[in-house]
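As the structure is a computational prediction, the values presented were derived from the model and not from experiment. Letters A, B, ... mirror the listed sequences (proteins, then strands); counts begin at 1.
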Amino acid sequence: MTASPAGRTRRVTIFDYGAGNLHSLAKALAGPEIEIRIETDPAEALDTELLVLPGVGAFTRGAERLESARDAMRNALEHGLPCLGVCLGMQLLFDGSDEGPGAGLGLLPGRVTRLGAARLPHIGWNTVTDGTDPLLREVHLRDTYYAHSFACRPESTDVVTAWTVVEGDRFPAIVRWHNTVGVQFHPEKSSAAGVRFVRAVVGAALGARI
Amino acid sequence: MLSRRLIVCLDVEGGRVVKGVQFVSLRDVGDPVELAQRYESEGADEVVFLDIAASAESRGTLLDVARRTAERLFIPLTIGGGVRSVEDMAQALRAGADKVSVNSAAVARPALLTEAADRFGAQCVVASIDATRDTRGGVASGWRVVVRGGRTPTERDAVDWAAECVERGAGEILLTSIDRDGGRSGYDLPLTRAVAERVSVPVIASGGAGGPEDVCAVLGEGEADAALVAGILHDGVTTVGVLKDAMEAAGLPVRRMERGERRQ
């Protein structure tokens, strides 16, 4: 919790729900003059310039870990705190999930439901289609790595900037609202283009706060 | 469209890759971190580290390797070999694995798969099954589960066991034909197809790859979602790029890398 020296070091915080591998995500976020902090307290995690909700674990457990600071976190994102939600982290932006009980942040209206595919989990590289998201072209991102059985169903598709299809079920690959970006794929596991995507999100987030 | 995957497996012992890997351009051909990165840059879709010693000492070293790898590898990493408990899995995931494969320990105590899926999610849990052809009766499908690296037969039918693994929580099946492993005469297509048709999760076929046509056959006729390759790449018989070109030419959906990104 040290102050940024000379105001130069920028803080990016990964909220840790307690399970899984955060190494690759932390490394993808890293850059010069960027301090990567891993924080287990959701209220403390808001003391940052970019909040990252990572993509490992189950919805109920993630919702439980957010519970004590859910309103504060939603409020911070509504007031423009940049946020990147990956996989489960994207799903937690919504109201709730059929995967299990618990409340998401409720930042984006809609629920998370099971994919309509015979072969689940949806594991592997799939193509991002119908992408209007400006970053897709900028970083040449086309094939991304997925590992999930549930997907977000926003009430308004206005927030969706890219889609992916599995066995005919079209689900949001990227959602954007204010300074929040949610991605259902794992950019930190989507090789060089995925890492470029993460770095572009970091760049935009920190730029937005200058 | 969901791509068919090409997964590269490296056998690791005491933190080193044990089978020779012939990359002339690499200074240290035994370093798993460097090799995993090299395969990523060639276009591999995933990497598996298989701890073949599976001793406590080797495991500790492997976790250190996983940590270093996760910081430099930006495709999924699976760790397997000698995983006994949920705590072993937690350690591997914390160290940097995205998925953990379980073999003999799940055969001995199938509830391990459920405990793991409940804690980490099914997408982290890979059930690794070693199977051998056995038509003498006793296993209805004609394939028997073997453990301890294929040395010890069990009473289990390989196709039934795959279905049970999925019911208990496994998110993928890594299916190795012990009969074909290392022989380079092609994957066991009927075995792979029998399992792929029985289970609802992705199936990774392993054992027997001799060249591009074998990889294409197991992903096509064999109905596998992914093909695991090891020796033919490490020995320089072929390359990731050649295999993926062949997959694409065969009409299989593959992940293509950006022009200029792939190193040959």
Side-chain angles (χ1 to χ4, degrees), chain A residues 16 18-28 30 55-62 87-88 99-100 115 117-129 139-150 164-169 186-198, chain B residues 1-7 40-41 43-46 66-77 79 89-90 92-100 117-126 166 170-172 196 199-204 225-226 253-262:
Chain A
D16 181 4
N21 163 24
L22 302 178
H23 295 272
S24 302
L25 185 56
K27 207 66 190 176
V56 280
F59 187 90
T60 298
R61 186 181 169 102
C87 194
L88 172 65
E99 186 187 350
L115 285 165
R119 227 180 210 6
L120 289 179
H122 175 223
I123 294 182
W125 298 76
N126 204 330
T127 313
V128 175
T129 56
V139 303
H140 303 286
L141 185 63
R142 193 186 78 113
D143 291 327
T144 56
Y145 183 78
Y146 288 92
H148 65 127
S149 296
F150 291 81
T164 287
V165 181
V166 57
E167 294 182 36
D169 185 357
H186 286 269
E188 79 281 13
K189 293 287 156 192
S190 298
S191 206
V195 175
R196 286 197 301 268
F197 182 91
V198 172
Chain B
M1 186 181 263
L2 185 61
S3 300
R4 301 303 177 92
R5 288 169 281 159
L6 187 71
I7 301 178
E40 176 186 355
S41 74
D45 294 316
E46 296 188 29
R67 216 165 280 122
R68 288 192 292 124
T69 306
E71 291 181 354
R72 291 165 64 186
L73 188 76
F74 295 103
I75 55 175
L77 172 66
I79 285 185
M89 299 181 72
L93 293 169
R94 269 199 300 273
D98 299 293
K99 306 187 246 190
V100 179
D118 286 347
R119 180 149 163 203
F120 311 115
Q123 78 288 341
C124 289
V125 183
V126 182
V166 173
E172 279 181 297
V199 302
S200 58
V201 304
V203 173
I204 303 160
D225 296 88
V254 297
R255 169 177 77 101
R256 300 308 305 186
M257 300 184 72
E258 283 300 310
R259 209 172 308 150
E261 267 179 19
R262 188 199 289 173

Problem - side-chain hydrogen bond (donor to acceptor under 3.5 Å, both in side chains) involving A/T144 - partner list, sequence neighbours excluded - result: none

Problem - Working for side chain to side chain donor-acceptor pair (under 3.5 Å), residues A/S149 and B/Q123 - result: CA-CA 8 Å; A/S149 296; B/Q123 78 288 341; over 6 Å; no

Problem - Pairing residues for B/R67 by the side-chain contact (heavy atoms from CB on, under 4.5 Å) criterion, not counting sequence neighbours - result: A/H23, B/L63, B/D64, B/A95

Practice task
Check whether any side-chain N or O of A/S24 sits under 3.5 Å from a backbone N or O of B/F74 as a donor-acceptor pair, and report yes or no.
Solution key: no

Practice task
Would you check if B/K99 and A/I123 make a side-chain contact, meaning some heavy-atom pair closer than 4.5 Å?
Solution key: yes

Handout entry: Atom of B/E40, atom of A/S191 and distance for their closest heavy-atom approach
Key = OE2-OG, 2.8 Å

Problem - Structural part of B/R255 lying under 4.5 Å from a heavy atom of chain A - result: both

Problem - Region of B/A196 in contact with chain A, defined by heavy-atom distances below 4.5 Å - result: both

Problem - N/O donor-acceptor pair under 3.5 Å between A/W125 side chain and B/L2 backbone - result: no

Practice task
May I ask you to name which of B/I75, B/L73, B/T69, B/L93 has the most heavy-atom pairs under 4.5 Å with chain A?
Solution key: B/I75

Practice task
Go through the atoms of B/V254 and report whether side chain, backbone, both or neither lie under 4.5 Å from a heavy atom of chain A.
Solution key: backbone

Exercise for the section: Against chain A, work out which of B/P253, B/A66, B/G171, B/A90 has the most heavy-atom pairs shorter than 4.5 Å and name it. Expected result: B/G171

Handout entry: Shortest non-hydrogen contact between B/V201 and A/L120, atoms and distance
Key = CG1-O, 3.2 Å

Practice task
Without swapping roles, check the side chain of A/R119 against the backbone of B/V199 for a donor-acceptor pair under 3.5 Å.
Solution key: yes

Fill in the blank from the handout: Value for CG (A/D143) from OG (B/S3), rounded to nearest 0.5 Å, stands at 5.0 Å

Problem - When B/C124, B/P202, B/A122 are compared by non-hydrogen pairs under 4.5 Å with chain A, the top option - result: B/P202

Problem - Heavy-atom proximity to chain A below 4.5 Å, by part of B/D225 - result: side chain

Practice task
Please look at A/A28 and chain B and tell me whether the side chain, the backbone, both or neither of the residue comes under 4.5 angstrom of a heavy atom of that chain.
Solution key: both

Handout entry: B/D98 and A/H186, any side-chain heavy atoms less than 4.5 Å apart
Key = no

Exercise for the section: Pick whichever of A/V165, A/V195, A/V166 has the most heavy-atom pairs under 4.5 Å with chain B. Expected result: A/V195

Completion exercise
Honestly, the part of A/A58 sitting under 4.5 Å from a heavy atom of chain B is neither

